[in-house]
2 protein chains.
Amino acid sequence: MTASLLEQLIDAFRILPGVGQKTAQRMAYHVLERDRDGGQRLADALASAVERIGHCARCRDFSETEICATCANGSRDVHLLCAVESPADRLVIEQATGYRGYYFVLQGRLSPLDGIGPRELGLEKLAARLAEGEVQELVIATNPTVEGEATAHYLAQLARQHRVKPTRLAHGVPLGGELEYVDRGTLSHAFGSRSEMPL
Amino acid sequence: MTASLLEQLIDAFRILPGVGQKTAQRMAYHVLERDRDGGQRLADALASAVERIGHCARCRDFSETEICATCANGSRDVHLLCAVESPADRLVIEQATGYRGYYFVLQGRLSPLDGIGPRELGLEKLAARLAEGEVQELVIATNPTVEGEATAHYLAQLARQHRVKPTRLAHGVPLGGELEYVDRGTLSHAFGSRSEMPL
Ligand SMILES: [Zn+2]
Ligand SMILES: [Zn+2]
């Protein structure tokens, strides 16, 4: 016996982070009882996003165009480049801090055991960017985890090879914490207190 | 300037109950970064559910067929009918209790000021059901709100007109609840409804 459409919908909601069986049920019933138009809009937005959102050719952030809106914005500070692990990290930095340079989204962090090396993080693209000569400071905003720190040190070396100053967010981000879940005030302070990475 | 697909997706997630801007962002990034297949599945499930789930012709619960699976199930107790306000209420009763009679889903409660009367709740259909003569007890499980109580009294009258016994869920101190935190109305009612302890 195949699952009913309602059961399929409840099951499908569980792909979302933090959504268990009870919340999924509540979501399904809410949409069906009170907001079918909104449900249709969410279905359309999801289908379009999943199909048409790719990655920016310049910074690897999410983008529905070849070059994302941030990279295409000529009025930002070309001397600053900020390397982050994920699009979500880029978003919180953009929203929480006054940073108005450009970004480079690694889409991961070095993790040799998982087969994630410099190539998977697009570091040849980052190196080419640094070689262009405009970037003066690489703000390394990887997460303060073991792998994030290892990635930061690798990026710092890469920056110095291109005579670019590597900096790191100030302490204040809790050890072992994920940027995405840090409160905005702390993140903003940490961003403002970034310091040059020691050799 | 129109919103990007990503912004549209974040905005669309906010139709879900309990989902604010931050949660919506997390959901959108989660789907795009980690589970595009799941996102496509959710989009399909939502579109199908919104378009194809209607109401059972017999009990008014959600159903993708003319008669829902519960009403079509001949092995339940035909002497019992339970009236609930919403499909979600039907679901919790089915999941939390041992009840195995049939249901009638009002899809609301009497609310004259909002133009919701007996006709909007399908009560002529409920009356016809009671007139069939098989139902012996109408379990009235409307919510203990002012409108829910008014609806319960109306349903009880309707039941008695058809020589069906109306019953109501017991009110009282919730299992595991501390007396100190129970609201006074509930506590007073529970005190007045005390019963002799069994041996
Ligand atoms: Zn870009
Ligand atoms: Zn039914």
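On a predicted model such as this, the values are computed, not experimentally measured, just so you know. The chains referred to below are lettered A, B, ... by the order of the sequence lines, with proteins before strands, and numbering in each begins at 1. Excluded from the calculations below are hydrogen atoms, water molecules and symmetry mates; all remaining heavy atoms, backbone and side chain alike, are included.
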For [X], is the [atom1] atom crowded, meaning more than 12 foreign heavy atoms sit under 6.0 Å from it?
| X | atom1 | result |
| --- | --- | --- |
| A:Glu66 | CD | no |
| A:Glu33 | CD | yes |
| B:Tyr99 | OH | yes |

Atom [atom1] of [X] and atom [atom2] of [Y]: how far apart are they, to the nearest 0.5 Å?
| X | Y | atom1 | atom2 | result |
| --- | --- | --- | --- | --- |
| B:Arg52 | A:Leu6 | CZ | CG | 12.5 Å |
| A:Lys22 | B:Leu91 | NZ | CG | 10.0 Å |
| B:Arg34 | A:Ser86 | CZ | OG | 7.5 Å |
| A:Arg36 | B:Ile53 | CZ | CD1 | 6.5 Å |
| B:Leu42 | A:Leu42 | CG | CG | 6.0 Å |
| A:Leu16 | B:Asp35 | CG | CG | 9.0 Å |

Quick check: is [Y] connected to [X] through a chain of hydrophobic side chains (ILVMFWY, heavy atoms under 4.5 Å apart)?
| X | Y | answer |
| --- | --- | --- |
| B:Val135 | B:Val105 | no |
| B:Tyr102 | B:Leu169 | no |
| B:Ile140 | B:Ile116 | yes |
| B:Phe13 | B:Val50 | yes |
| B:Leu32 | A:Leu121 | no |

Over all heavy atoms of both residues, which pair between [X] and [Y] is shortest? Give the atoms and the distance, please.
| X | Y | answer |
| --- | --- | --- |
| A:Ala49 | B:Leu9 | CB-CD2, 3.7 Å |
| A:Pro87 | B:Tyr29 | CB-CE2, 3.3 Å |
| B:Ile15 | A:Gly39 | CD1-N, 3.6 Å |
| A:Arg41 | B:Ala12 | NH1-CA, 4.2 Å |
| B:Ala45 | A:Gln8 | CB-O, 4.2 Å |

Tell me, side chain or backbone of A:Val92 under 4.5 Å from chain B's heavy atoms, or both, or neither?
neither

So, the part of A:Phe62 with a heavy atom under 4.5 Å from chain B: the answer is side chain

Let's test your reading of the structure: which of A:Ser63, A:Gly18, A:Ser4 forms the most heavy-atom pairs below 4.5 Å with chain B?
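Looking at each option in turn, the highest pair count goes to A:Ser4.
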
Identify which part of B:Gln25 has an atom lying under 4.5 Å from any heavy atom of chain A, answering side chain, backbone, both or neither.
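Just its side chain gets close to chain A.
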
Counting only N and O atoms by type, is there a donor-acceptor contact under 3.5 Å from the side chain of A:Glu64 to the main-chain atoms of B:Leu5?
yes

